[in-house]
Amino acid sequence: IEERVVNGVKDGSIVLLHGNVKNTAEAMENICKRLYDDGYRFVTLSEMFEYKGIKNIPTDKMIENANLY
């Protein structure tokens with residue numbers, strides 16, 4: 001899990017992990033540390049949209065247009 005996440009992430013990635021899986025919970029500390037050490041920061045979606053200059057996204061359009069962001 002750790003290698004898959006760390007090697008697959010890029011700027012703007014959204015990583016979804018299921019917390020009820022023991023291996024995921026065990027990998028989280030290393031995943032977060034490695035990504036942070038590589039310069040990644042953890043932000044809310046609103047913060048990411050603001051940073052990327054994406055404004056005024058109606059909530060009913062977010063899923064429909066998710067592949068654009």
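Computed from a prediction, not measured in an experiment: that's the story for all the values here. We're numbering straight along the sequence, starting at 1. The basis for the numbers below is simple: all heavy atoms, side chains too, and nothing from hydrogens, waters or symmetry mates.
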With sequence neighbours left out, the residues meeting side chain to side chain donor-acceptor pair (under 3.5 Å) with Asp38 are none

Flag side-chain contact, heavy atom, 4.5 Å: Leu35 against Phe42: yes

With side chains defined as the heavy atoms from C-beta onward, is the minimum distance between Ile1 and Glu26 less than 4.5 Å? no

Rounding to 0.5 Å, atoms CG (Asn23) and CG (Leu17) come to a distance of 11.5 Å

d(Tyr40 OH, Asp11 CG) to nearest 0.5 Å is 7.0 Å

For Lys10, the salt bridge (Lys or Arg N to Asp or Glu O under 4.0 Å) test, sequence neighbours excluded, returns none

Between the SG atom in Cys32 and the CG atom in Asp37, the distance rounded to the nearest 0.5 Å is 11.0 Å

Lys/Arg-Asp/Glu bridge criterion (N-O < 4.0 Å) met for Arg41, Glu47:
no

field: Contact check, side chains of Val6 and Asn30, non-hydrogen atoms, under 4.5 Å
entry: no

In short, Ser13 meets Gly8 closest at the heavy-atom pair OG-O, 4.4 Å

**Request:** Please examine the side chains of Val43 and Tyr51, heavy atoms only from C-beta on, and report whether any two atoms are closer than 4.5 Å.
**Result:** no

For this session: With the side chain counted from C-beta on, respond yes when Glu3 and Ile31 share a heavy-atom pair under 4.5 Å apart, and no when they do not.
Result: no

Output for pair (Thr44 OG1, Glu50 CD), nearest 0.5 Å, gives 8.5 Å

Next on the checklist: Counting C-beta onward and ignoring hydrogens, is there a side-chain heavy-atom pair between Lys52 and Met48 closer than 4.5 Å?
Outcome noted: yes

